[in-house]
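Each chain gets a letter, A, B and so on, in the order its sequence line appears, and its residues count up from 1.
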Number of protein chains: 2
Amino acid sequence: MTAASPVVDPAGAGEATGDTAPADGLRISGAAARAGVSARTLRYYEELGLLSPSGHTSGGERRYRDADLQRLDRILELREVLGMNLEEIKGFLDSEHRLDEVRDAYRAKRDEPTDEARAQQRVLLEEALSLNEELTRQLDAKLARMDAFRSKVAANAQRCRELLDDL
Amino acid sequence: MTAASPVVDPAGAGEATGDTAPADGLRISGAAARAGVSARTLRYYEELGLLSPSGHTSGGERRYRDADLQRLDRILELREVLGMNLEEIKGFLDSEHRLDEVRDAYRAKRDEPTDEARAQQRVLLEEALSLNEELTRQLDAKLARMDAFRSKVAANAQRCRELLDDL
DNA sequence: CTCATTCTAAACGTTGACGTAAAGGTAATG
DNA sequence: CATTACCTTTACGTCAACGTTTAGAATGAG
């Protein structure tokens, strides 16, 4: 309903591929195993609009290709490393997508430098910039707090070592 | 049941205190407001054995003193900054408490240097050390991944600035 | 003194992020 | 072609970490 998913030829000629996903993509359990999550998780992410496989077979099976797998890895990184919840991740990836659109529009604009177009691009770029700066600030704050914590823990370890040396 | 909570004199002489908790401690809603959580949360933490107020009035009201508030701040930091769940936090704070005990025992031991006592201290110290080192490793890994992410975001921001400068 | 706050304690509700099961279609393999 | 393994959707279950409510009784700040 929401996005066009080209149907993959189920008997397509197999292009030789390395350790990446076969040209026609992985099945849901393969993609899940590769990322270390469950198939249920992938269906759930799709339900939330977070990750939709770029292809389906004629029978209706999901096919995850390289780009999908990369997006999945990004989602998991945001979740595990930054501790974002799925809604925050969606917002972040959406804004990243908008930034890509801005870049594309910027390049298209070079051919036709209208003043009106420039003004629109400026607005979009400023929005993207403020989003990135805000995220950078948040990350810096979190990094600082985590680093302070790390120092405390490391100091504790050092004191343990000194006490042990005394014995 | 689990810990001795000395009863606070309800009509005690008020020692002059600055912006810290009054000498006889804060009520539950005061402590909660100060930390930005609800009273329910504090009761829940107490139920889990995470945080028990150091005092009660003769009538049975909880009184949170400075040490309690500091512990609460630590709990929230572990939760928000490190993303620990309450069980992990309990384990971490418990092991920290054990480290304190080891330190005290170590000092007491200096007066009576039994070989047996030394061996026990060594075991405890090594346990504490390995706990701290493990946590340090985990923090380092997380910090590295977060920092890599920060770099990517900062680079994005920089590209936005360059595009804006071109206009 | 008075009225807002807190107490115990129990129970039920909620939200996010999935797990698990059921009933029936699809894909790959011999 | 048949079998087996995997997939589909739908729906209900679960767990942590609380929120909310109920109800009477006791407390304490102003």
Side-chain angles (χ1 to χ4, degrees), chain A residues 1-2 5 7-14 22 24-53 55-64 68 72 75-76 78-80 82-91, chain B residues 1-2 5 7-14 21-53 55-64 68 72 75-76 78-80 82-91:
Chain A
M1 277 287 210
T2 48
S5 324
V7 170
V8 170
D9 178 15
D24 52 349
L26 292 178
R27 303 176 82 172
I28 192 170
S29 63
R34 178 165 187 144
V37 299
S38 69
R40 169 67 168 118
T41 296
L42 297 189
R43 295 199 190 93
Y44 182 57
Y45 287 180
E46 186 175 352
E47 190 181 333
L48 297 187
L50 253 182
L51 174 70
S52 299
H56 289 86
T57 65
S58 56
E61 273 195 9
R62 297 168 175 83
R63 284 301 132 101
Y64 294 84
D68 305 327
L72 176 54
I75 291 171
L76 297 178
L78 290 170
R79 194 191 65 174
E80 294 166 11
L82 301 189
M84 287 187 184
N85 63 35
L86 300 186
E87 192 177 331
E88 290 169 334
I89 293 175
K90 182 165 165 51
Chain B
M1 275 288 208
T2 46
S5 326
V7 170
V8 171
D9 178 13
D24 51 352
L26 292 178
R27 305 176 80 173
I28 192 171
S29 62
R34 179 165 186 143
V37 299
S38 69
R40 167 70 166 119
T41 296
L42 297 190
R43 295 200 191 94
Y44 182 57
Y45 287 179
E46 186 174 351
E47 189 182 334
L48 297 186
L50 253 183
L51 174 71
S52 299
H56 289 85
T57 64
S58 56
E61 271 196 10
R62 297 170 177 83
R63 284 302 133 101
Y64 294 84
D68 306 326
L72 177 54
I75 292 172
L76 297 178
L78 290 169
R79 197 189 64 175
E80 295 165 10
L82 300 189
M84 286 186 183
N85 63 37
L86 300 185
E87 192 177 330
E88 290 169 335
I89 292 174
K90 182 164 162 55

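- When all heavy atoms are compared, the tightest approach of A:L42 to A:A31 is CD1-CB, 4.0 Å.
- Comparing atom distances between the A:S29 side chain and each of D:dG28, D:dA17, D:dC7 picks out D:dC7 as nearest.
- One can place CD of A:E47 at 14 Å from P of D:dC12, the figure rounded to the nearest angstrom.
- Straight-line distance from the CD atom of A:E88 to the C1' atom of C:dG16: 12 Å, rounded to whole Å.
- Rounding to whole angstrom units, CZ of residue A:R27 and P of C:dG25 are separated by 17 Å.
- OP1 or OP2 of D:dG19 sits under 4.0 Å from a side-chain N or O of B:S38.
- One can place CG of B:N85 at 15 Å from P of C:dA17, the figure rounded to the nearest angstrom.
- Distance from the side chain of A:Y44 is smallest for C:dA17 among the nucleotides D:dA29, C:dA28, C:dA17.
- At whole-Å resolution of the value, NE2 in B:H56 and C1' in C:dT8 are 12 Å apart.
- Along DNA chain C, the nucleotide closest to A:E87 and the one closest to B:G30 are compared, and the more 5′ of them pairs with B:G30.
- Listed here is the closest heavy atom pair of A:I89 and A:I75: CD1-O, 3.6 Å.
- With sequence neighbours excluded, no residue forms a side chain to side chain donor-acceptor pair (under 3.5 Å) with B:R40.
- Taking atom CG of B:L51 as the reference point, atom C1' of D:dC18 lies 15 Å away to the nearest angstrom.
- By the side-chain contact (heavy atoms from CB on, under 4.5 Å) test, B:E87 is found to be paired with B:N85, residues two or more places apart in sequence or in another chain being considered.
- With sequence neighbours left out, the side chain to side chain donor-acceptor pair (under 3.5 Å) criterion links B:S38 to B:T41.
- For the pair B:M84 CE and D:dA17 C1', the computed distance is 17 Å after rounding to whole Å.
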Which protein N or O atoms sit under 3.5 Å from an N or O of nucleotides 9-11 of chain D?
from  : atom 1 : to    : atom 2 : distance (Å)
D:dT9 : OP2    : A:R62 : NH1    : 3.1
D:dT9 : OP2    : A:R62 : NH2    : 2.7

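- Under the rule for a salt bridge (charged side-chain N to carboxylate O under 4.0 Å, His left out), the partners of B:E46 that lie at least two apart in sequence or sit in another chain are B:R62.
- By the side chain to side chain donor-acceptor pair (under 3.5 Å) test, B:R79 is found to be paired with B:Y45, residues two or more places apart in sequence or in another chain being considered.
- For the pair B:T41 and D:dG19, the criterion of a side-chain N or O lying under 4.0 Å from OP1 or OP2 is met.
- At C:dA17, none of the side-chain N or O atoms of A:Y45 fall inside 4.0 Å of OP1 or OP2 (strictly under the cut-off).
- At least one side-chain heavy atom of A:E61 sits under 4.5 Å from a side-chain heavy atom of A:R27.
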Do any N or O atoms of the protein come closer than 3.5 Å to N or O atoms of nucleotides 21-26 of chain D, and which pairs are they?
none

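- B:A39 is linked by a side-chain contact (heavy atoms from CB on, under 4.5 Å) to B:I28, B:R43, counting only residues two or more places apart in sequence or in another chain.
- Two residues, A:L48 and B:E46, neighbour DNA chain C, and the one matched to the more 5' nucleotide by heavy-atom proximity is B:E46.
- Between the CD1 atom of A:I75 and the C1' atom of C:dA17 there is a distance of 14 Å, given to the nearest Å.
- Listed by chain and residue number, B:V37, B:L72, B:D73, B:L76 satisfy the side-chain contact (heavy atoms from CB on, under 4.5 Å) test with B:A35 (two or more places apart in sequence, or in another chain).
- Considering only side-chain atoms of A:R79, the nucleotide from C:dC18, D:dC6, D:dG28 that sits closest is C:dC18.
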